[in-house]
Protein chains: 2
Amino acid sequence: MSLKHAILGFLNYKSMTGYQLKQRFDKSVRYFWNASLSQIYPTLSQLKEDGLLTLEVKYQDSSPNAKIYHITDKGREELRNWLIEPLEPQPHRSAFLIKIFFGANIDQNLIISQLNQRLELAESNLAKYQQIRNEITENHSLKNSFTLFESLTVDYGIKSMEAVIAWYRESIEKIESLKRKEM
Amino acid sequence: MSLKHAILGFLNYKSMTGYQLKQRFDKSVRYFWNASLSQIYPTLSQLKEDGLLTLEVKYQDSSPNAKIYHITDKGREELRNWLIEPLEPQPHRSAFLIKIFFGANIDQNLIISQLNQRLELAESNLAKYQQIRNEITENHSLKNSFTLFESLTVDYGIKSMEAVIAWYRESIEKIESLKRKEM
DNA sequence: CGCTACATGTAATGAGTTACATGATTTT
DNA sequence: AAAATCATGTAACTCATTACATGTAGCG
């Protein structure tokens with residue numbers, strides 16, 4: 001499970017609560033790994049039981065007690081081993097491509113409009129990624145290895161968005177051109 | 001669930017058994033939707049219970065009885081509705097990008113070698129997709145809408161492989177160049 | 001007075017993988 | 001003799017989502 005290792009990765013930089021972890025996820029890796037609080041909390045308990053984390057309870061008047069998790073040596077080793085060992089490539093599932101595959105069954109205009117919707121979404125995502133990219137480049141030099149690796153993940157987003165945008169455009173054109181021939 | 005609709009999509013073309021469905025999946029959509037027999041069989045039962053399929057049992061001497069499933073009118077309607085209605089964009093998870101994100105924690109050569117592994121894999125996938133693409137173009141004219149939509153899914157594979165290949169190459173170079181600066 | 005932020009969880013359900021279980025026929 | 005093909009499934013487990021449940025403090 002990668003959630004475990006992502007949590008270990010963040011806690012390796014800084015001890016924090018589940019709530020804060022969620023915020024870290026949302027601020028950095030959300031575009032390729034989303035995690036909900038209802039998944040983070042049980043995972044933290046489990047990591048603690050496995051001896052990869054320790055728990056420090058901070059009693060607070062103002063808000064509920066905060067559970068601050070710290071990574072242990074065993075946790076750091078687990079993280080390191082996971083990072084070192086090559087990962088089996090995961091097959092990726094795309095329900096959208098299933099729809100395209102069976103696209104001949106419905107009116108082509110309905111497919112085109114769905115492609116257009118996705119195209120707009122991809123364009124707005126691309127703009128977001130480019131903005132994040134600019135912020136990284138402005139604030140840090142890429143000589144810092146932490147920054148370099150973070151920027152690589154953003155570059156991945158940019159490159160893949162550019163590729164799908166081109167695909168959406170070409171696909172729409174091809175379907176339009178088929179329509180013309182069928183008339 | 002898209003598996004249901006993919007099954008309906010195939011059965012809409014031709015009635016068949018779960019085993020044959022698996023073969024169809026493997027021959028066409030495997031690159032963006034894999035399905036195992038242990039998932040196909042219960043899903044077929046469920047689709048039958050929901051009245052989207054009917055079952056015809058073919059008794060055979062040579063091999064176990066074959067259960068041939070046929071799509072019903074209700075099934076065709078369900079397929080059509082699913083194809084027509086826009087799909088919520090699914091967030092994609094990449095454990096590999098999590099590794100890259102935390103890449104600063106380990107020796108950079110270990111990251112580079114993992115990137116190289118993936119690069120080789122992506123190149124061989126690209127070659128496969130291009131071959132499939134050539135076969136489609138040779139055997140059918142793209143004026144046929146069934147063929148067009150199938151070819152679009154292959155084009156998606158080609159375009160996204162080309163994009164990640166470029167990303168792998170650039171990432172490796174950037175890490176190499178960081179190494180040089182750090183020496 | 002309601003919304004957001006802080007802070008924690010549980011329970012039910014869905015979707016998918018892996019392991020287990022059976023058995024005949026055909027090809028290597 | 002072993003492996004692949006045809007043909008069916010069940011059970012256990014993992015991972016993730018959605019709904020449910022609780023409560024304070026501060027801001028507009």
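Below, read A as the first sequence line, B as the second, and so on, with proteins coming before strands; counting in each chain starts at 1.
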With the side chain of Leu3(A) defined as its heavy atoms from C-beta on, choose the nearest nucleotide among dG9(D), dA16(D), dG16(C).
dA16(D)
note: Lys22(B), atom NZ; dT5(D), atom C1'; distance rounded to Å ~ 14 Å
Near-strand residues of residues 81-91 of chain B, defined as heavy-atom separation under 4.0 angstrom from DNA chain C:
none
Whole-Å distance separating the OH atom of Tyr69(B) from the P atom of dA7(D):
14 Å
Between P of dC6(C) and CE of Met16(A), the distance in whole Å:
14 Å
Do Phe32(A) and Tyr156(A) make the cut of ring centroids closer than 6.0 angstrom?
no
Please report, rounded to the nearest Å, how far the C1' atom of dT22(D) is from the CG atom of Asn65(A).
14 Å
Rounded to whole Å, CG of Leu55(A) lies from P of dA7(C) at a distance of 14 Å
Please tell me whether Arg24(A) and Ser28(A) have a donor and an acceptor in their side chains that are separated by less than 3.5 angstrom.
no
Lys159(B) meets the salt bridge (Lys or Arg N to Asp or Glu O under 4.0 Å) criterion, sequence neighbours left out, with Glu170(A)
Protein-nucleotide distance (Ile68(A), atom CD1; dA7(C), atom P), rounded to Å:
9 Å
Contacts under 3.5 angstrom, residues 115-129 of chain B side chains, donor-acceptor by atom type, not counting sequence neighbours:
residue: Arg118(B); atom: NH2; partner: Leu87(A); partner atom: O; Å: 3.2
residue: Glu123(B); atom: OE2; partner: Arg169(B); partner atom: NH2; Å: 2.4
residue: Ser124(B); atom: OG; partner: Leu121(B); partner atom: O; Å: 3.3

Tyr19(B) side-chain proximity, nearest of dA16(D), dG16(C), dA7(D):
dA7(D)
Can a side chain N or O of Arg93(A) be found less than 4.0 Å away from OP1 or OP2 on dG16(C)?
yes
For Ser45(B), the side chain to side chain contact (heavy atoms under 4.5 Å, CB included) test, sequence neighbours excluded, returns none
Taking DNA chain C as the partner, which of residues 23-54 of chain A come within under 4.0 angstrom of it by heavy atom?
Gln23(A), Leu37(A), Ser38(A), Tyr41(A)
The salt bridge (Lys or Arg N to Asp or Glu O under 4.0 Å) partners of Glu77(A) (sequence neighbours excluded) come to none
State which residues pass side chain to side chain contact (heavy atoms under 4.5 Å, CB included) with Tyr41(A); sequence neighbours excluded, sorted by chain then number.
Tyr19(A), Leu37(A)
Give me each pair satisfying side-chain hydrogen bond (donor to acceptor under 3.5 Å, both in side chains) with a member in residues 87-97 of chain A, each pair once, sequence neighbours excluded.
none
Run the side chain to side chain donor-acceptor pair (under 3.5 Å) test against Glu135(A) and tell me which residues pass, sequence neighbours left out.
Gln131(A)
Checking Lys74(B) now: which residues fulfil side chain to side chain donor-acceptor pair (under 3.5 Å) with it, not counting sequence neighbours?
none
Tyr168(A) meets the ring pair (Phe, Tyr, Trp, His ring centres under 6.0 Å) criterion, sequence neighbours left out, with none
Closest of dA15(C), dT17(C), dA7(C) to the Thr17(A) side chain is dA7(C)
How bent is the helix from dC1(C)-dG28(D) to dT28(C)-dA1(D), measuring the angle between the end axes built from five pairs each, rounded to 10°?
40°
Looking only at side-chain N and O atoms, does Lys67(A) come under 4.0 Å of OP1 or OP2 in dG9(C)?
yes
